[in-house]
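Beneath this line is the structure, given in structure tokens, with notes to follow.
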Amino acid sequence: MALDSFDELIEFLKPESRIDLRHISMDYLVSLSGTEDGVNKMLEHERITQAVIELTDDRIKEIAKHALLMLVNISAYTRGATELLKYKPLRYKNIIDLLISYVLNPNKTDADAACMTLSNITRLEDELEVCLNTFIPHLNDIMNAFVNTEFNKTGSNLHYLAPMFSNLACSHRIRKWLCEENPHVPLIKLIPFCNYDVSNIRKGGAIGTIRNISFDTDYHEFLVSPDLDLLTYILYPLMGNEDYPDDEMETLPVTLQYLPKEKRREPDIDIRILILETLNKLCAQRRGRQYLRENGVYYIMREYHKWEKDPKALIACENVVDILIQKEDEVGAEDLSTVEVPEELRERFNKTNSDFMMNLQ
């Protein structure tokens, strides 16, 4: 099919067109959407994109599947995701409203593609606040669907809602909802997935959500609350099967003491770094630093540092340890997030920190 035949192609995409012609047309468009050039060509023809959006609910499942797959491909590119936000599907406020309806329909086939598209769209920092106006009324229902791993009855697992939540947590409005919504605080439902070995997508998205919340010191008091027990979930992936002296073991959270010999550390380097960055952010205020010290985080970091090989992860680990080993009068500030660090001090710190870590080995 020639690329200059889009005007003819639009006729084949209408619901009343012959099914075989719709199949052929969708196969061609799926292939076209597999490259950035192809996506850009599709976006130049607004009627094509609009038709694809409407076909995501086609009565022929294979056609609906191909349409949803195209939305994943289109939204993978910044321009594509931005353009999709401009469309208003029939009976829906916008593309997000349509995709949310698919996520919340337990009988929707290929709802995972809807989750992936939502994850892609919510990466748009400039459009995030606009997206939230559509998301917020549905957040509790989306979270309930996410935590029910058997919500979708057609085989969709909804794993990609986790990175979507992580993206949304870049907004203070979502952080507030995650940490303050009543009567059931959504973050409490999310954190068990930090140890969800069935899917790294869920695990990484859950940890990424916590990491993004940790950038907001307004919620540090909540994050280090013993009632939340956050450390149990985010430290577990960093732990192996080491034996600690009894006095050190007793400082660890109870569920992290005496782990079985078959315990292995998280193999995904990106997830490990997310956790280390979260711990670093939780060191910003005195209360967080004290909580981490009281729960033996230094001992866990010490053993983890002996095991880790990745240079970036090692530096992230060292950044946490350097803060935890200092006394509060040495830290010199209640809230480190407000401190400006001169460049010459950064260089001196890096050398001192490096010398210390060599001695730690």
Hey, does [Y] have a side-chain heavy atom less than 4.5 Å from the side chain of [X]?
{"X": "T149", "Y": "N157", "value": "no"}
{"X": "M26", "Y": "M70", "value": "yes"}
{"X": "F222", "Y": "L228", "value": "yes"}
{"X": "I60", "Y": "H23", "value": "yes"}
{"X": "N241", "Y": "E262", "value": "no"}
{"X": "L190", "Y": "V147", "value": "no"}
{"X": "D27", "Y": "H66", "value": "yes"}
{"X": "M42", "Y": "S33", "value": "yes"}

Residues in salt bridge (Lys or Arg N to Asp or Glu O under 4.0 Å) contact with [X], at least two apart in sequence or another chain:
{"X": "R272", "value": "E308"}
{"X": "E127", "value": "none"}
{"X": "E129", "value": "R173"}
{"X": "K309", "value": "none"}

side-chain hydrogen bond (donor to acceptor under 3.5 Å, both in side chains) partner of N167, the single match among T122, N212, N120, T209: T122
Do N94 and T134 get their side chains close enough for a donor-acceptor pair, meaning under 3.5 Å? yes
Tell me yes or no: between the side chains of Y102 and T56, is some donor less than 3.5 Å from an acceptor?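 Distance-only check passes for Y102 and T56.
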Does [atom1] belonging to [X] count more than 12 external heavy atoms closer than 6.0 Å?
{"X": "Y160", "atom1": "OH", "result": "no"}
{"X": "K65", "atom1": "NZ", "result": "no"}
{"X": "E44", "atom1": "CD", "result": "yes"}
{"X": "E46", "atom1": "CD", "result": "no"}
{"X": "R47", "atom1": "CZ", "result": "no"}
{"X": "E221", "atom1": "CD", "result": "no"}

Whether [Y] and [X] form a salt bridge (side-chain N of Lys/Arg under 4.0 Å from carboxylate O of Asp/Glu) is what I want to check.
{"X": "K261", "Y": "D243", "value": "yes"}
{"X": "E242", "Y": "R265", "value": "yes"}
{"X": "D218", "Y": "R175", "value": "no"}

Hey, does the side chain of [X] reach the backbone of [Y] with a donor-acceptor pair shorter than 3.5 angstrom?
{"X": "N295", "Y": "Y291", "result": "yes"}
{"X": "R293", "Y": "L324", "result": "yes"}
{"X": "E248", "Y": "G296", "result": "no"}
{"X": "N105", "Y": "S101", "result": "no"}
{"X": "R22", "Y": "F12", "result": "no"}
{"X": "N107", "Y": "K153", "result": "no"}
{"X": "N280", "Y": "L276", "result": "no"}

Which heavy atom of [X] sits nearest a heavy atom of [Y], and at what distance?
{"X": "G155", "Y": "D112", "value": "O-OD2, 4.5 Å"}
{"X": "L43", "Y": "G80", "value": "CD1-CA, 3.7 Å"}
{"X": "F151", "Y": "P106", "value": "O-CB, 3.3 Å"}
{"X": "T35", "Y": "Y77", "value": "C-OH, 3.7 Å"}
{"X": "N133", "Y": "K93", "value": "O-NZ, 4.5 Å"}
{"X": "C179", "Y": "L187", "value": "SG-CD2, 4.3 Å"}

Looking at residues at least two apart in the chain, or sitting in another chain, which of them share a side chain to side chain donor-acceptor pair (under 3.5 Å) with [X]?
{"X": "D20", "answer": "R18"}
{"X": "N200", "answer": "D268"}
{"X": "D141", "answer": "none"}
{"X": "S156", "answer": "none"}

Are W307 and L259 in one and the same hydrophobic cluster, where Ile, Leu, Val, Met, Phe, Trp and Tyr link if side-chain heavy atoms are under 4.5 Å apart? yes
Is M143 reachable from I201 through a run of I, L, V, M, F, W or Y residues, each pair having side-chain heavy atoms under 4.5 Å apart? no
At what distance, to the nearest 0.5 angstrom, does [atom1] of [X] lie from [atom2] of [Y]?
{"X": "I142", "Y": "M164", "atom1": "CD1", "atom2": "CE", "answer": "4.5 Å"}
{"X": "C283", "Y": "Q326", "atom1": "SG", "atom2": "CD", "answer": "10.0 Å"}
{"X": "I210", "Y": "F165", "atom1": "CD1", "atom2": "CZ", "answer": "13.0 Å"}

Would L29 and L9 satisfy side-chain contact (heavy atoms from CB on, under 4.5 Å), going step by step from the backbone distance to the final call? CA-CA 10 Å; L29 289 174; L9 184 62; 3.7 Å; yes
Quick one: ring pair (Phe, Tyr, Trp, His ring centres under 6.0 Å) partners of F135, sequence neighbours excluded?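 Here no residue qualifies.
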For M301 and H305, what are the C-alpha separation, side-chain angles and deciding distance, and is it a side-chain contact (heavy atoms from CB on, under 4.5 Å)? CA-CA 6 Å; M301 292 295 98; H305 191 273; over 6 Å; no
Quick note, ring-ring contact (aromatic ring centres under 6.0 Å, His included) partners involving residues 183-219, not counting sequence neighbours, are F146-F193, H172-Y219, F193-Y196
For a side-chain contact (heavy atoms from CB on, under 4.5 Å) check, start with the C-alpha distance between L13 and I48, then their side-chain angles and the critical distance, and finish with the verdict. CA-CA 8 Å; L13 297 177; I48 292 290; 4.0 Å; yes
Hey, can you pull the donor-acceptor pairs under 3.5 Å for the side chains in residues 230-240, sequence neighbours left out?
from : atom 1 : to   : atom 2 : distance (Å)
T232 : OG1    : D229 : OD1    : 2.7
T232 : OG1    : D229 : OD2    : 3.1

Using a 3.5 Å cut-off and no angle test, enumerate the donor-acceptor pairs between side-chain atoms of residues 81-91 and protein atoms at least two apart in sequence or in another chain.
from : atom 1 : to  : atom 2 : distance (Å)
T82  : OG1    : T78 : O      : 2.8
E83  : OE2    : K86 : NZ     : 3.0

Derivation and outcome, side-chain contact (heavy atoms from CB on, under 4.5 Å), residues L71 and I95: CA-CA 10 Å; L71 294 190; I95 186 71; 4.1 Å; yes
Please determine which of D322, I315, I323 meets the side-chain contact (heavy atoms from CB on, under 4.5 Å) test together with N319.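 Of the listed residues D322, I315, I323, the side-chain contact (heavy atoms from CB on, under 4.5 Å) partner of N319 is I315.
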